[in-house]
A.B. asks: 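Below: one structure in C-alpha cells.
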Amino acid sequence: MTFILQAVSGLCFVAAAACVLVSLFSYKEKLTNLRASLKNPSGGKSVVLRRREVSVGKAKTNDVVLNAEDVSRDHAVLCMRKNNWYVCDTYSKAGTKVNGETINGRTQIYDGDRLSFGSVSLIFDAPDNLAPAERLEISNDGSLPVSKRKKAELERSKIAAQQRREQLEQIKKRRRRENRLTFKAKHSHARFILSGLAMLFATVFQLINGYTVLKETYSPQLFICLAGIFALEWVYFFFNTQVFRRRGEIEILAFLFTSVGMMITGSVYPERVVMQGATALAGFVFFVFFGWFASDLQRVNDMRIPVGAGCLLLLAATLVVGTTVNGAKNWIFLGSFSIQPSEFAKVAFIYVGAATLEKLQSARSITLYTVFAVACVGLLFLMRDFGTALIFFATYVFIAFMRSGDFKTIFFVCAAAALGAVLILYFKSYILQRFEVYRHVWDDMNDAGYQQTRTLIYSASGGLFGVGPGRGELRGIFAATEDLVFGMLCEEFGMVTAFTVPVSYCVIALCCAKKAKTSMSAFYTIASICASGMILVQTALNVFGVTDFLPLTGVTLPLLSRGGSSMAATWGLLAFIKLNNSR
Amino acid sequence: MKTINKRSWIVVVFSAVMLAVLALLGASMCINASDYALNPVNAHLYTRHVLLEAGRVLDRNGKTLAETVDRHRVYPSDLETRKSTLHVVGDPYGYIATGVQTTFRAELSGYSLVRGVPSEDEQKPDLTLTIDARSCVAARQSLGYNNGTVVVYNYKTGELLCETSAPYYDPENIPGDLLTNTDMYEGVFMNRALRGLYVPGSVFKIVTLCAALENIPDVESRTFFCEGERVLSSGTVICTDHHGEQTLKEAFGNSCNCVFSVLAEEIGAQKLVATAERLGLLSEYEIDRGTVLAGSMDLEDPTDAELCWAGIGQNKTMINPTSMMILCGAIAGGGKAVMPYYVKSVKNDLMSWYSARTKRTDELMSPAIAEKLKEYMYNNGTNYYGSFGLPELNICAKTGTAETGDGKQPHAWLVGFCDDPEHPYAFAAVVENAGSGRYYAGNAVAAALMPLL
C-alpha cells in the first residue's frame, strides 16, 4: 500500500514537471509587430525594426548593417522604451544626427525623422510614433502679409495640434485593444489544459506526500506552511489564468519544488519551517514585483548602479558584522532573524551583469563589470564561502561571454582562475583534503567520505519511489536538509522524483536558450540565460558533489534545500528566467 | 541584438553536458543500488552491523536454518545442524564470504531497486536452499575431528544436497577466541567445498585415464607390468603394491602408480594439462555467487619424474573437490554436467526475488569416453571398494590417498556418483590428514548419502 502511494505520487511529480516543460518548450513566440522601420529616402529596401533594441553599424553582427566608409563598426543603437523610440550614438567616429542635428546621448525620435549615421541617411518610419503637437512644423505660407500670416499660422497650428492629440489618443486606445487581443490569440486552450494538468498532478503529489509527512512527523507549523503554499499556488493559478489570461508555467514548477523543500525542512526542523515559508512568500512577491518592474527597461537601467553598490556594501557589511557558521563568515544575525547576504548578492550579481544593448555598446569592454565581479568574489573568499565564490565565478563566465562573445578573454579569465585555485589549494591544505577523498569515498567512509557514502547508501534505500517523507534515515546526518538534500529526496521521495529536479532545471535552461531567439531586449536575454546558468551550476555542484561525481563543495540545491535566503534568492533568479518567457 | 541572442548556445552546451552526466549518475546509482543499500551502516536494514531485517533461510525440507526473532538473528536449536550448515548459511557479519546470508543479503532483506528497502512491518522473503540439513549433519559427524569437506549433488537437476565444511564454529555462541586461536580455527571462515584446494592424489587418475583413452590408440588391449616401483632418471615412482601384469581396467582398480606413470609419459605434459583444463578442473565455476576456486598444475618443462607424479595426482597439482564432483556429474550425464546450485528460491507471498535456473557445462568429454569412464569407475565401485555397503546404488567411484609431504597423514579422497535413476547423486569428499581414502572418505560419503535414500 505504501509502495503504491509512493509510486503514484512519484509519477505525478514527473507528470507535473513534464506538462510544464512540454508547455514551455512547445510554445512558439511570435515577434510582435512594432510598426517601425528605417527607410532609404532615395527608395530601395526598408528595414523593419523587430526588437526593442536594434544595433546599427558596419559590422556584420549588427541588426542593421550599413556599408559606408565613415560608418563605425558599432555606430548606434535604436531602442524602444515604453512605446517611445530613441536613438543612442555608441561612440561612433562620424557621429549620429537627427534631422541634421548631431545628438549627444539618448534622443527621442518620431515618425518621419531623418537619422544620419555618418554619411548614410535614413528616414524613421513609425506611424504609431507621431511627433507631439509641440513639435509640429507649420508650413510657411508666403501669400499673406506678416501680421495676418502669424495669426493664420497660430490658428492652423492650434487645429493641427488638436488633431495630433486626437490621433495620439486613438493610437493609445488601439494599442491597448490590440494587446488584449494578442493575449487571447496567444494563449490557446491547449496551453491552459497543459497548465491545468500540471496543477492537478502537482496537487495529487502534494496531497499524498503532505498526508504522509504529517502522519510521520506532525507539527502545526508544517501543517500551516503546507496549507499556505497549497492555497497560494491555487489562488495564483486562478488569477493568472482566469483573470489576467497569462500562462504561468515556471511558477507551477517552482511552487511544487518549494513545497517538497518545505516537507523536507519541516519534518526535520519544525521550528524553522515557518521562516522558510515566509521567505518563500517574500521570494514569490519579489518574483511578481520584478515581472512588473522589468517591463520598463529605463527603470531597470537606472537601478543598476545603486543595486551594484548595495550588493558590494551588503557583502562588505557581512565581513564586518557577520557571524561564522560552519567555517564560513556569511551570516548576519538580527536578533532571532538571520540572513545570508551572499544569496541575495547572487540576484544582484546577475542584475548588474545583464544590460540593455545601448549600455553594452556604449561601454564596450567589460572592465567595469569585471572589477565588480572580482570585488564580489574577493569578498566571498574573505568570508571563506568558497562554494558561493565558485558559483559567482561560473556565472561571471556566463555573463562575460553573453556580453562580449569573446573567447580569448574568457579563456584568459578561466586560466587565471585555475591558477588561483591551485594556489589556494596549495596554501589552504584543508580544502585539498576534500579533493583527496574524491572518487575514493568508500575507502574512507566513516570520516572524509561520510556524507557522500551515507547519501549513496540511503539514496539506494529509497528505490525508484522512496520510502515516504519522514521515514528516511539520512535525515539524522549532518547537513541532510542542505548539502545532502538530494540524498533525502532520493530516499524519501524516490530516485524518479529526485532526478526530475535537476533534469527540470536543465530543460528550463534549454527553454531560455530557445526563447532568446525572440527576445526583445539584451537585458532579458542575458538575465535569463545567466540566471538559468547559475541555477544549473549550483544544481550540478550540489547533486554531483554529494554523489562523488564532483568534489563535495557544500552548496544548496535551489528551492529544495533548507535556507530562507537561498529560497528567496532562487525565486529572484526565476524572475529573471521568466523575463524571457513572458515577453 | 541578434548577436547576443545567438550567444545563448553556451547554456545549451552546459545543460546538454549536465543532462549527459545526470544520465551517467542515474545509471551508476541503479547499477550499484543493491551494493549501496546493503552496506552494513544502513540503518534501515542493519542493527549494529547485523542484517536483522531479513527473511528466513530454510533447507529443502522446510527446516529453518536462520531467522530473525525479536530483533535477534537466531539459528536452529540443535548444535549439530548449526555447525554442519554454517558455511552454506553463513554468518550475519559477512565473515563467511560465500554464505547465502552474505551473497544473497540483498534478496533476503527484500530490497529491490524499484521498491527500495521494504517497510518494517512487511513480510521479508524466505530463502529456500536445496541442502538437506540431515545429510550435512551426518556427513560432518563422519569427519570426526578431521578437517575436510563433503559435497553431494543431484547430477540430473543440479540441486546440491549436502555441503559441509570443517573446521566450523557455533554461530549461536560465537567462541571468544574465534579470531585469535589459529590452531583451532585456521581457515574457519572458508567453505572448503568451494574455496578449498587439495593435492588430488589418485582421484586425478580419472583425468589421466581420460587422456589415455583419448590419445593412446589400443590402450585398452594392452597389458602393463608393475614391479612395485619405477626408477626414472630424476626420481622414483613407488607403487602401493607389487601388482604384476594387469589390464588398464585392473590398473585403474588397483590405482597402480607404475602404470599411470607410464601412461602420463606416453600422453605428455601438454596433453595431460589440456585434458585437466577441458575437464574443468583448472578453471573457476560460479555457483550461486560463490566462486569455485580453479585448480592448478605446474608442468612447464617437467622432468620425467615430475610428469609421472603429475599423472598420479601428486607433484604440485591442486584440485578443488566441487570441480571434481562436477566432473563426476559429467561422466554420469554422458559428457555434459548440470551445474550445481544450492539456492532454490527467494520469495514471499507477494513476489519473487530469485529462483534457480538449471545450467549446463560445455561438453567436457565425448559421450563414448564418458560411457567408458563410467564402466571403469563402476568396476572400481563393485569389485574394488565393496560398493561402500550400498550395493543398490551402483556406485561408480575413485578413491585417493594424497600425500601432502608435510609428514602428516595423507588426505583421504573419494569422488564418484551413483548410477541409479532414482538416486542420481554425484559426490566428492576430502578428509584432511586422515589416511586411506577408501575408508575415511568412503565413510563420509556413505554417511551423507544415507539420509537421502
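Every heavy atom of this structure was used, including side-chain atoms; hydrogens, water molecules and symmetry mates were not.
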A.B. asks: With a 4.5 Å heavy-atom cut-off, do A:K515 and B:S8 have their side chains touching?
C.D. replies: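 Heavy-atom side-chain distance check fails, nothing below 4.5 Å.
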
A.B. asks: Using a cut-off of under 4.5 Å on heavy-atom pairs, state which of A:L357, A:L510, A:T539 scores highest against chain B.
C.D. replies: A:L510

A.B. asks: With only heavy atoms counted, which part of A:F465 is less than 4.5 Å from chain B, the side chain, the backbone, both or neither?
C.D. replies: both

A.B. asks: My understanding is that only residues two or more places apart in sequence, or in another chain, count here; which of them pass ring pair (Phe, Tyr, Trp, His ring centres under 6.0 Å) with A:H75?
C.D. replies: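 With neighbours one apart ignored, the set is A:F117.
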
A.B. asks: Does any backbone or side-chain atom of A:C490 lie under 4.5 Å from a heavy atom of chain B? Answer side chain, backbone, both or neither.
C.D. replies: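 For A:C490, the contact with chain B is made by the side chain alone.
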
A.B. asks: Looking at chain A, which one of B:V21, B:L25, B:N32 has the largest number of heavy-atom pairs inside 4.5 Å, strictly under?
C.D. replies: B:L25

A.B. asks: A:Y458 and B:Y36: aromatic ring centres closer than 6.0 Å?
C.D. replies: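 No.
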
A.B. asks: Between the main-chain N or O of B:K2 and the side-chain N or O of A:D63, is there a donor-acceptor pair closer than 3.5 Å?
C.D. replies: yes

A.B. asks: Please classify the contact between A:E491 and chain B as side chain, backbone, both or neither, with a heavy-atom cut-off of under 4.5 Å.
C.D. replies: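 The side chain, not the backbone.
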
A.B. asks: Any residues in residues 53-62 of chain A near chain B, with a heavy-atom distance under 4.5 Å, and which are they?
C.D. replies: A:E53, A:S55, A:K60, A:T61, A:N62

A.B. asks: Taking side chain as everything from C-beta outward and backbone as N, CA, C, O, which of these in A:L474 sits under 4.5 Å from a heavy atom of chain B? Side chain, backbone, both or neither.
C.D. replies: neither

A.B. asks: Tell me, side chain or backbone of A:V507 under 4.5 Å from chain B's heavy atoms, or both, or neither?
C.D. replies: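 Interface part for A:V507: neither.
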
A.B. asks: Could you look at A:V503 and say if it's the side chain, the backbone, both or neither that has a heavy atom under 4.5 Å from chain B?
C.D. replies: both

A.B. asks: Measure B:L38 against the heavy atoms of chain A and call it side chain, backbone, both or neither at under 4.5 Å.
C.D. replies: neither

A.B. asks: Identify which part of A:Y505 has an atom lying under 4.5 Å from any heavy atom of chain B, answering side chain, backbone, both or neither.
C.D. replies: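 A:Y505 has no heavy atom closer than 4.5 Å to chain B.
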
A.B. asks: I'd like to know whether A:S461 forms a side-chain hydrogen bond (donor to acceptor under 3.5 Å, both in side chains) with B:N42, so could you lay out the CA-CA distance, the side-chain angles of the two residues, the decisive distance to 0.1 Å, and finally the verdict.
C.D. replies: CA-CA 8 Å; A:S461 299; B:N42 188 343; 2.7 Å; yes

A.B. asks: Is it the side chain or the backbone of B:S34 that comes within 4.5 Å of chain A heavy atoms, both, or neither?
C.D. replies: neither

A.B. asks: With distance as the sole test, does B:Y111 use its side chain to make a donor-acceptor pair with the main-chain N or O of A:G463 at under 3.5 Å?
C.D. replies: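 No: the side chain of B:Y111 does not pair with the backbone of A:G463.
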
A.B. asks: With sequence neighbours excluded, what pairs up with B:Y341 under the ring pair (Phe, Tyr, Trp, His ring centres under 6.0 Å) test?
C.D. replies: none

A.B. asks: Within the side chain of B:N5, is there an N or O that forms a donor-acceptor pair under 3.5 Å with the backbone of A:A516?
C.D. replies: yes

A.B. asks: Taking ring pair (Phe, Tyr, Trp, His ring centres under 6.0 Å) as the definition, give me every residue that meets it alongside B:Y354, ordered by chain and number, with sequence neighbours left out.
C.D. replies: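 Residues passing ring pair (Phe, Tyr, Trp, His ring centres under 6.0 Å) with B:Y354: B:F104.
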
A.B. asks: Could you look at A:M495 and say if it's the side chain, the backbone, both or neither that has a heavy atom under 4.5 Å from chain B?
C.D. replies: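 Interface part for A:M495: side chain.
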
A.B. asks: Heavy-atom cut-off 4.5 Å, strictly under: side chain, backbone, both or neither for A:R471 against chain B?
C.D. replies: backbone

